[in-house]
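Since the model is a prediction, treat every value here as computed from it, not as a measurement. Labels below follow one simple rule: chain letters A, B, ... track the order of the sequence lines, proteins then strands, and each chain is numbered from 1.
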Protein chains: 2
Amino acid sequence: MPDDDLPENTAPANCRVTIRDVARQTGVSVTTASRALNEIGRMTPETRNRVRAAAAELGYRPNSIARGLVGKRSFAVGLITNDTYGRFTLPVAAGLSSSMADRGVSVFLCAGEDDAERVKANIDAMQDRRVDGLVIAGKRIDRGLPFELPDLGIPVIYANASCPPDAIGFVPDDQLNAHMAVSHLVARGCCRIAHVTGKKDFEASSLRVRGWEEALAEANLSPFGDVCYGNWSEECGYTAALELLAPGRAEWPDAVFCGNDQIARGLIDAATSIGVDVPGDLAVVGFDNWEIFAKATRPPLTTVDMELLELGRVVGRTMLDLIDGKDVEPGLRRLPGRIVERRSCGGGGADLEPRTNETSRHGGGNQREDTKCHTTG
Amino acid sequence: MPDDDLPENTAPANCRVTIRDVARQTGVSVTTASRALNEIGRMTPETRNRVRAAAAELGYRPNSIARGLVGKRSFAVGLITNDTYGRFTLPVAAGLSSSMADRGVSVFLCAGEDDAERVKANIDAMQDRRVDGLVIAGKRIDRGLPFELPDLGIPVIYANASCPPDAIGFVPDDQLNAHMAVSHLVARGCCRIAHVTGKKDFEASSLRVRGWEEALAEANLSPFGDVCYGNWSEECGYTAALELLAPGRAEWPDAVFCGNDQIARGLIDAATSIGVDVPGDLAVVGFDNWEIFAKATRPPLTTVDMELLELGRVVGRTMLDLIDGKDVEPGLRRLPGRIVERRSCGGGGADLEPRTNETSRHGGGNQREDTKCHTTG
DNA sequence: CTGAAAGCGCTTACAG
DNA sequence: CTGAAAGCGCTTACAG
């Protein structure tokens with residue numbers, strides 16, 4: 001037996017409770033209600049509590065649009081990206097999103113293509129929305145926006161993309177990461193370490209090459225042959241392996257540092273197909289820690305994780321600082337990644353899998369045991 | 001020689017030009033300016049043009065926060081997803097984003113984890129922002145939100161996720177897509193068509209199984225053996241192939257319909273490794289059109305594309321209708337995908353690659369030519 | 001055809 | 001400690 005015709009607990013969603021409602025309910029002014037809710041100004045704890053209680057009871061939630069209008073900010077940032085495939089941007093976006101969410105800042109996703117017009121339209125839309133900041137994310141550290149960004153009057157951070165001289169940017173430290181990968185190989189006794197990577201004109205390629213050379217020099221080793229460039233594909237890894245391990249060669253590498261996990265995958269497949277045991281005869285380290293590949297190789301791949309999620313978080317925290325008006329030194333920061341150990345370099349990490357029994361071309365033993373490594377020094 | 005100390009063309013970014021500025025400049029009221037800019041009301045073309053010109057000259061851009069406050073809407077929708085990996089959500093998001101952008105609606109990305117608390121917090125934040133609608137996107141058609149969504153008073157659409165009975169949802173039509181894939185095989189003369197797929201408790205699995213059975217029945221064929229379930233991995237495809245093609249078997253399949261591209265990849269690798277030629281001896285069709293896999297198999301994979309990008313666009317258009325107050329029949333819609341032809345079923349599509357010269361276990365010929373297919377009917 | 005006024009839901013000087 | 005008032009930048013009845 002309902003009291004009357006009024007619906008009981010289903011307030012029409014389009015007339016949500018406002019701060020006036022909680023002020024009225026509490027018997028204070030809107031001003032006081034606002035202050036109580038925002039924890040500013042001094043007032044008797046009793047008043048504050050009564051306001052809070054009323055807000056809770058009414059289910060009051062501040063309208064962030066109104067708040068944005070008076071505060072002249074939106075508590076939102078725009079994420080502009082051209083990475084439709086999302087492999088690089090997504091972890092960055094997730095990290096950014098989570099570090100901002102804690103402070104009540106939301107993220108607009110503008111997954112534009114490379115088309116300059118669309119990117120501009122997206123940026124305009126973000127300005128119209130008075131975003132507090134803009135993150136420009138890319139899939140290549142040597143590519144940025146297709147045009148120069150004018151001064152928007154809001155903070156801008158570049159993530160995994162190239163950035164103008166005086167801007168703030170964060171990219172993975174390719175050289176250091178490569179160095180780590182190669183040192184990992186050296187530490188495991190490898191001394192004839194080849195490098196198979198992607199396209200030559202990617203800055204990521206040259207930095208990784210430099211890291212490879214650097215780590216080798218540090219260990220008094222010489223590069224094993226020339227860098228093998230390709231197009232980042234599995235196919236290239238496959239072909240490169242066949243060449244590096246060709247029976248007619250005077251010398252075989254005992255390890256290969258690969259520019260990405262797909263290359264490593266192709267390379268391991270090729271090695272296996274011609275009876276070279278990984279890691280017994282050949283240690284392999286990849287790059288990206290793209291699990292779908294890294295875990296599917298046999299053996300599972302030891303590889304470099306660029307820590308893109310953490311990079312996204314750092315971008316978020318920096319953006320928050322910038323929004324708060326803190327000073328941040330301009331420039332490009334290179335962030336270190338980490339090695340994820342699996343089985344392709346011997347030993348084993350978290351993702352241990354039983355070793356296969358395939359017979360090795362070299363009798364199943366570890367070639368490195370038999371061959372004395374001589375340094376260049 | 002500058003006239004005075006005032007900076008010339010660099011208006012402080014924080015005091016952007018408002019509609020009052022363009023009204024003043026034109027010598028009309030703010031009301032008229034607003035109407036001219038929004039193309040509403042009747043007025044002399046001359047006035048309208050003068051306002052427009054002033055706006056353009058001043059670089060006026062309406063503040064969408066203010067617009068949102070009065071219009072009681074934000075011209076933004078929230079995208080809630082638990083797909084951190086992004087493989088499914090990203091195309092959906094891109095499609096959604098592009099179809100909304102044309103109408104000036106932006107997308108908030110809430111890449112929450114499965115954690116119910118965080119999802120709730122994200123939804124609350126979206127409500128505080130007065131989003132015009134919410135899209136709940138998932139990576140499994142049989143999983144939805146970890147809790148029941150109360151009536152939010154705004155349109156909600158589920159995308160590639162399960163949805164409550166009276167809600168609106170869009171998912172790929174797994175059964176139809178599977179049917180298409182199998183019919184494609186049948187049309188090429190295959191008659192012993194096996195099915196290797198992922199986990200049994202995924203609705204996607206059972207629907208695809210049904211599509212397989214249905215297409216077979218339609219062609220008066222029987223399923224080749226039992227469905228081979230696994231965990232969606234390459235490894236499972238590999239193992240399944242070894243079993244299906246074991247030398248001791250009474251009969252071999254002449255085609256395999258795979259539940260995803262990874263399975264197909266493993267299966268093709270295994271087949272090749274034991275001398276079975278694809279497509280010569282065995283036709284293979286995958287599912288997902290995940291190019292990184294589909295293009296890396298040798299031969300490249302003929303596979304089902306679920307058209308997730310288009311699904312995202314449809315979700316966007318439907319959301320726009322809903323926001324406009326149009327009626328949309330509740331219920332779950334299953335959207336068709338398409339077959340992408342490559343080389344793994346013979347013939348060839350856009351991604352033609354030269355065929356390899358590997359010798360086939362069956363003499364390099366197409367087994368299907370030699371073996372008469374008998375129907376069950 | 002055009003404008004003055006009210007109002008969207010908040011916050012923030014400015015007074016008491 | 002608390003409140004009345006102004007204002008953020010728009011749109012939209014309501015009058016002329």
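Here dG9(D) presents its P atom at 17 Å from CG of N38(B), a figure rounded to the nearest Å. Nucleotide dG3(C) holds its P atom 13 Å from the CD1 atom of I19(B), rounded to whole Å. The interatomic distance linking R67(A) (CZ) with dT11(C) (P) rounds to 5 Å, in whole Å. Summarising the geometry, the separation between CZ on R16(B) and C1' on dG9(D) is reported as 12 Å, rounded to the nearest angstrom. In this structure, R20(A) atom CZ and dG3(D) atom P are separated by 14 Å, rounded to whole Å. L37(A) places its CG atom 11 Å from the C1' atom of dC10(C), with the value rounded to the nearest Å. If you take CG of L69(B) and P of dG7(D), they are 17 Å apart, rounded to a whole angstrom. One atom, CG of D128(A), and another, C1' of dC8(D), lie 17 Å apart when rounded to the nearest Å.
One finds a salt bridge joining D324(B) and R103(B) here, because a Lys/Arg side-chain nitrogen approaches an Asp/Glu carboxylate oxygen to under 4.0 Å. Between R52(B) and E57(B) there is no salt bridge, since none of the side-chain N atoms of the basic residue sits less than 4.0 Å from a carboxylate O of the acidic one.
For dG3(C), the base has a donor-acceptor partner in the side chain of R35(B) [N/O atoms by modelled type, under 3.5 angstrom].
The two residues I168(B) and E329(B) have their closest heavy-atom pair at CG1-O, 4.1 Å. Residue F147(B) comes nearest to A116(B) through the heavy atom pair CE2-O, 3.8 Å, listed as atom of the first residue, atom of the second, then distance. Looking at every heavy atom in both residues, M100(B) comes nearest to G316(B) through SD-O, 3.5 Å.
Nearest-nucleotide mapping onto DNA chain C: of G71(B) and V30(A), the residue sitting toward the 5' end is G71(B).
The phosphate of dT2(D) has neither OP1 nor OP2 within less than 4.0 Å of any side-chain N or O from T31(A). The side chain of T47(A) places an N or O atom within less than 4.0 Å of a non-bridging phosphate oxygen (OP1 or OP2) of dT2(D). Under 4.0 angstrom from either OP1 or OP2 of dG7(D) there lies no side-chain N or O belonging to K72(A).
You'll find the side chain of V171(A) reaches within 4.5 Å of the side chain of L332(A), heavy atoms only. S106(B) has its side chain within reach of M126(A): a pair of non-hydrogen atoms, C-beta onward, lies under 4.5 Å apart.
The residue T44(A) sits close only to the backbone: its heavy atoms come under 4.0 Å of sugar-phosphate atoms, none of a base. At a threshold of 4.0 angstrom between heavy atoms, the contacts of V28(A) are confined to the sugar-phosphate backbone, with no base atom among them.
Nearest nucleotide to the S29(B) side chain, out of dG9(D), dA4(C), dT11(D): dA4(C). Distance from the side chain of A66(B) is smallest for dG9(D) among the nucleotides dG9(D), dT2(C), dT11(C). Relative to the side chain of M43(B), the nucleotides dC10(C), dT2(C), dG9(C) differ in distance, and dT2(C) lies closest.
Just one residue in the list V131(B), D132(B), V77(B) forms a side-chain contact (heavy atoms from CB on, under 4.5 Å) with I154(B), and that residue is V131(B).
The aromatic ring centres of Y158(B) and F170(B) sit 6.0 Å or more apart.
Stems are defined here as 3 or more consecutive Watson-Crick or G-U wobble pairs with pairing distances under 3.5 Å; those involving DNA chain D are C:1-3 with D:14-16, C:5-12 with D:5-12, C:14-16 with D:1-3.
With no hydrogens or angles considered, a side-chain donor-acceptor pair links T44(A) and T47(A) at under 3.5 Å.
For DNA chain C, no neighbouring residue in residues 54-64 of chain B is found when judged by any heavy atom under 4.0 Å.
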